[in-house]
Amino acid sequence: MTATICGTGSYIPSYTMDNNDIARLVETSDEWIRERTGVIRRHIIRDETTVSMAAEAAKRALEDAGVSPEELDLILVSTISSNVILPCAACEVQERLGAPRATCFDLSAACTGFILAYNTAFAYLNSGFGKTALIIGSESLSNLTNWKDRRTCILFGDGAGAAVLRAEEGTVYLPVTHSDGRKGEALTCKSRHDYNGLSDGHCRERPQDTPDEEYYMQMDGQAVFKFAVKSVPEVINEALELNHVSSGEISYYILHQANRRIIEAVARRLGEPMEKFPVNLQEYGNTSSASIPILLDEMNREGKLRKGQKLVLAGFGAGLTWGASIIEWHRCRTNEIK
Ligand code: ACO
């Protein structure tokens, strides 16, 4: 039994900030940001929340799949920026959709999160633990961004993407994932858990002189860049070898959208043409675990994906974490499955 994607959806906030808007906040320029990252604008939440975007992306994916919320056995939300800590975002989405049968939980693995959500849903469906799953990546990174730090605020954006999976007979492709907690300091965000406002002796209070920076995402950009351009081609090759699939069989590599230069470097190292690496980060910036499902949804809706095509999904980010999964595009018609 394998897991087939039978519908996708996304939600993008309508409010945008382009590079010139950022240049009014910090010392930078449109030219610098475009050249070093490829980002031109990013969408930022106004009335939306991580949960509201997740629910909207989910509704669109269910509609695309022709699956009703009552059919869902599993809802997974990958996020590092939920507006709620309890209950989990997946339960909030369940409540908004009306999906009473679903088991719901969140995953937190930053920009590799959607890959791990896909792998988890795949493992559930493959083992017979449910037939229909909804996986979502949703992020409000603007809440975790220090808008005074030009090394990070140029990069990130908000949005959500979702996919509906069904258990189906088909080829099983095993994913490859890695984690290296020793390198966690390369990308951190300490805001929620270090300080919680209580001073009862158990929980630390935010010291008066704590710099604002400690509340937001901190990144060693060059370390993350070097890690990505080395690890991503390696893990993709591992996944191809493990599953006896050649690069020539892959129609598209759908990579986490962090930086255009990273994607170009990965393509070069794999010896594959850039045409196989769709890029949309110029419009959204880095939306962490939402970037892969947003791109997948765009390609699905633009009719770029054909039945039988093999795709590689690959993510990398904080943790450090990274991984690649091979999927075969085969949008199933639900009335054929039932
Ligand atoms: N505008 C203008 N100048 C800048 C800016 C800016 N926004 N940011 C840095 N600079 C300056 C630096 O101060 C430095 O100046 P100096 O030489 O006088 O000291 C110079 O530009 C070069 O800085 P670098 O940090 O070396 O720039 P680099 O080419 O590495 O680009 C960047 C920085 C874009 C952050 C890059 O390192 C990168 O994209 N790294 C990967 C980041 C990433 O993908 N992170 C997300 C991971 S996924 C996740 O889990 C969230």
Side-chain angles (χ1 to χ4, degrees), residues 17-42 50 78-82 107-117 137-159 177-181 183-191 213 216-232 235 254-266 277 279-282 284-292 294-295 313-324:
M17 283 175 81
D18 66 18
N19 292 342
N20 291 319
D21 294 324
I22 305 278
R24 281 188 276 277
L25 301 177
V26 291
E27 201 183 324
T28 188
S29 66
D30 176 45
E31 193 190 3
W32 195 95
I33 301 172
R34 279 186 200 228
E35 261 178 30
R36 300 289 180 118
T37 71
V39 179
I40 297 175
R41 68 181 68 79
R42 65 287 291 146
T50 297
S78 166
T79 186
I80 54 166
S81 52
S82 184
L107 286 92
S108 167
C111 307
T112 318
F114 189 78
I115 299 294
L116 294 169
S138 185
E139 304 286 8
S140 311
L141 297 181
S142 58
N143 286 339
L144 308 181
T145 298
N146 179 0
W147 292 99
K148 294 178 192 157
D149 177 7
R150 71 176 182 173
R151 292 163 303 170
T152 52
C153 76
I154 56 166
L155 295 169
F156 300 107
D158 301 335
T177 51
H178 296 290
S179 309
D180 187 353
K183 297 186 180 144
E185 284 302 310
L187 188 41
T188 61
C189 182
K190 301 191 172 169
S191 57
E213 284 76 10
Y216 304 109
M217 278 188 284
Q218 297 281 295
M219 184 179 63
D220 179 343
Q222 287 199 5
V224 176
F225 194 98
K226 283 181 195 153
F227 145 71
V229 299
K230 180 171 181 293
S231 308
V232 177
V235 78
I254 301 182
L255 266 49
H256 165 52
Q257 303 285 297
N259 181 319
R260 190 179 174 89
R261 284 160 54 218
I262 292 177
I263 297 173
E264 287 170 348
V266 171
F277 293 78
V279 176
N280 67 1
L281 61 87
Q282 65 279 4
Y284 307 118
N286 176 346
T287 56
S288 193
S289 62
S291 78
I292 291 173
I294 290 172
L295 182 54
L313 310 183
F316 54 92
L320 297 173
T321 56
W322 64 106

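Reckoned from all heavy atoms, side chains included, excluding hydrogens, waters and symmetry mates. Counting convention: from 1, in listed order, for ligands and their atoms alike. In this chain, numbering begins with 1 at the start of the sequence shown.
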On a heavy-atom basis, the closest approach of W147 and V26 is O-CG1, 3.5 Å

If you compare all heavy atoms of T321 against all heavy atoms of F227, which two are closest, and at what distance to 0.1 Å?
O-CZ, 3.7 Å

For D180, is there any backbone N or O sitting under 3.5 Å from a side-chain donor or acceptor partner on W322?
no

Which of the listed options, R36, R150, E27, holds the heavy atom that is closest to atom 13 (O) of ligand 1?
R150

One finds that the ligand 1 atoms under 4.0 Å from a non-hydrogen atom of I154 are 7 (N)

Out of N259, L155, L141, the nearest non-hydrogen contact to atom 38 (C) of ligand 1 is supplied by N259

May I ask you to list the atoms of ligand 1 that are less than 4.0 angstrom from any heavy atom of V224?
43 (C), 45 (N), 47 (C)

Is a donor on one side and an acceptor on the other found under 3.5 Å between the side chain of T50 and the backbone of S81?
yes

Do any N or O atoms from the side chain of E139 and from the backbone of I80 form a donor-acceptor pair under 3.5 angstrom?
yes

Closest by any non-hydrogen atom to atom 41 (C) of ligand 1: pick that one out of G221, A318, A223.
G221

Quick one: side-chain hydrogen bond (donor to acceptor under 3.5 Å, both in side chains) partners of D30, sequence neighbours excluded?
N19, R34

Closest to atom 35 (C) of ligand 1 among Q222, R151, M217 (heavy-atom distance):
R151

Is it the side chain (CB and beyond), the backbone, both or neither of N286 that lies under 4.0 Å from ligand 1, heavy atoms counted?
side chain

N/O donor-acceptor pair under 3.5 Å between E35 side chain and I33 backbone:
no

Atoms of ligand 1 close to L187 [distance to a heavy atom under 4.0 angstrom, numbered from 1]
47 (C), 49 (C), 50 (O), 51 (C)

Establish whether atom 15 (O) of ligand 1 and some protein heavy atom are separated by less than 4.0 angstrom.
no

Which one holds for T152 and ligand 1: side chain close, backbone close, both close, or neither close, with close meaning a heavy atom under 4.0 Å?
neither

Output the list of atoms in ligand 1 that are nearer than 4.0 Å to some heavy atom of F316, sorted by atom number.
48 (S)

Non-hydrogen atom of I262 closer than 4.0 Å to ligand 1
yes

Atoms of ligand 1 under 4.0 Å from any heavy atom of G317, numbered from 1 in the order shown, are 48 (S), 49 (C), 50 (O)

Report the part of T28 (side chain from C-beta onward, or backbone N, CA, C, O) that has a heavy atom under 4.0 Å from ligand 1; answer both or neither where that applies.
both

As an exercise, identify every atom of ligand 1 less than 4.0 angstrom from a heavy atom of T37.
34 (C)

Hey, which atoms in ligand 1 end up nearer than 4.0 Å to a heavy atom of C111?
48 (S), 49 (C), 50 (O), 51 (C)

Sequence neighbours excluded, the answer for side-chain contact (heavy atoms from CB on, under 4.5 Å) partners of A258 is H256, I262, N286, F316

For Q218 and T152, test the side chains for any donor-to-acceptor distance below 3.5 angstrom and give the result as yes or no.
no

Ligand 1 to A258, heavy atom cutoff 4.0 Å, flagged ligand atoms 44 (O)

